[in-house]
Amino acid sequence: MIEVGTGAHPVFFDVDQDGKKDLLIGNDFYFDSLNSISKVTYYKNTSAGLKAEFTLITDDYASLSSFQLAAIYLTFGDLDGDGDQDMIVGHSDGSLIYFQNIAGAGNPCNFILTQANYQSIDVGDNSVPQLIDINRDGKLDLLIGERAGVLNYYENTGGVSSPIFSFVSNNWGNVNVAKDGTFAGFSAPILFDNQSGYEMLVGSLSGYIYHFGNIDGNLSGTFTLLDSMFQNIYEPQLAVPAMADVDGDSAFDLVVGSLSGGLVLYTQDQTLSLNSPNDESGFCSIYPNPVQSNLNLNFEGENLARNLIEVVDVAGRLIYSQQNTKQQLILDVSKWNSGTYVCRVSNSKRSFSRKFIKY
């Protein structure tokens, strides 16, 4: 079992440029008798064929412990236009550190400190950065999670080789993964293109992973919450997801880190899809999950047929049944017993079922 101290913040990145994604894991800290310090552990991808295997190389990649940081998160992208991938480090004080890769394209990475307090960006506490072309203009932008549970969007208004990250929003998409009544969410975002457009997974302090859609063409609007307990994954506390094809089957897999310092691998069978086997994201979305009072069921487009909605408990007892032709149905579950339920939706063309938790 991989264990990296307190907190595990994984990211997949080809460190040695051999064409295979390696595994880098930041942490909150290691503790010894003198101090606590954050490091990055490097596991080289030594897989052969479809068998995934990662081999420990060092527990202090790029000697990041020497910078006396806490809660390290990494992201990579070519920021100077020289064809290799540079490194941005987020950490506990909410700022970023820029390390330039001077190795050159195709060579094993060699990072040097280039700018602390990178471009004076500061999101408050616990910056969790992702370099990605958010507005699809051919330039890397910055998406940054933070302790409060919201997302920050910085647009690259400069060039490909000379980025200028300009603040756009500290409440991007109206995403907030902090639970009601709490002040911390620790948002850990992965924005990705699932062939048909951008979707986003956001890890959280609660241990659940949130799933959002309706992002392309809606960068200044509110994203659609597709699920607040993606694929029923629950890794308490501080779920931090990383995405890659780990087992070489052309399907994205997830590694999820947690506060305990360990990792859990979730693999999938269907090719390049992170939806459930019944593809409910194109038929019906159910949220929030877990739910306390109102459970929302949204139906879209051609699926506005007469749907039979049924809810059963774990013993198979029918708790609720109703025919529905509206675009949205809100179920008041506030008086239901706490526990796990299954919502079944069906019409003459298709059906799906989905677990949800009432708390």
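What's counted below: heavy atoms across the whole structure, side chains too, no hydrogens, waters or symmetry copies.
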*asked:* Once salt bridge (Lys or Arg N to Asp or Glu O under 4.0 Å) is applied, what residue pairs with a partner in residues 328-348 remain, sequence neighbours excluded?
replied: Glu310-Arg344
*For the side chain to side chain contact (heavy atoms under 4.5 Å, CB included) test, which of Ile121, Leu151, Asn170, Asn126 pairs with Ile144?*
Ile121
_From Thr224 atom OG1 to Asn214 atom CG, the distance as rounded to the nearest 0.5 Å_ = 4.0 Å
*Mind running ring pair (Phe, Tyr, Trp, His ring centres under 6.0 Å) on Tyr154 and Phe165 for me, showing each step along the way?*
CA-CA 5 Å; Tyr154 286 80; Phe165 293 109; 7.7 Å; no
*Partner set under side chain to side chain donor-acceptor pair (under 3.5 Å) for Ser196, not counting sequence neighbours*: none
*Quick one: ring pair (Phe, Tyr, Trp, His ring centres under 6.0 Å) partners of Tyr210, sequence neighbours excluded?*
none
*Not counting sequence neighbours, list each pair that qualifies as a salt bridge (Lys or Arg N to Asp or Glu O under 4.0 Å) and has a residue in residues 18-29.*
Asp18-Lys44
*Parallel, tilted or perpendicular: ring planes of His211 versus Phe230, cut at 30 and 60 degrees*: perpendicular
*Mind checking the OG1-CG spacing from Thr267 to Leu254? Nearest 0.5 Å is all I need.*
10.0 Å
_Ser169 side chain to Asn171 side chain, donor-acceptor N/O pair below 3.5 angstrom_ = no
_Any pair counted as salt bridge (Lys or Arg N to Asp or Glu O under 4.0 Å), so long as it reaches residues 138-156, sequence neighbours left out_ = Asp137-Lys139
*Output the rest of the hydrophobic cluster of Tyr359: all Ile, Leu, Val, Met, Phe, Trp and Tyr residues reachable through side-chain heavy-atom contacts under 4.5 Å, sorted by chain and number.*
none
*Share the residues that join Leu69 in a hydrophobic cluster, the rule being Ile, Leu, Val, Met, Phe, Trp or Tyr side chains under 4.5 Å apart at the heavy-atom level.*
Val11, Phe13, Val15, Leu24, Val40, Tyr42, Ile57, Tyr61, Leu64, Phe67, Ile72, Leu74, Phe76, Met87, Val89, Ile97, Phe99, Phe111, Leu113
_Please enumerate all residues that pass side chain to side chain donor-acceptor pair (under 3.5 Å) together with Thr114, with sequence neighbours excluded._
none
*Give a yes-or-no answer on whether the side chains of Asn298 and Gln327 include a donor-acceptor pair shorter than 3.5 Å.*
no
*asked:* Do Ser166 and Thr157 pair up side chain to side chain, a donor and an acceptor below 3.5 Å, judged on atom types alone?
replied: yes
*ring pair (Phe, Tyr, Trp, His ring centres under 6.0 Å) with His9: which residues, sequence neighbours excluded?*
Tyr73
*Sequence neighbours excluded, which residues qualify as ring pair (Phe, Tyr, Trp, His ring centres under 6.0 Å) partners of Trp172?*
Tyr153, Phe223
*With sequence neighbours left out, write down each residue that passes ring pair (Phe, Tyr, Trp, His ring centres under 6.0 Å) with Phe29, or none if nothing qualifies.*
none
_Residues clustered with Leu308, ILVMFWY side-chain links under 4.5 angstrom_ = none
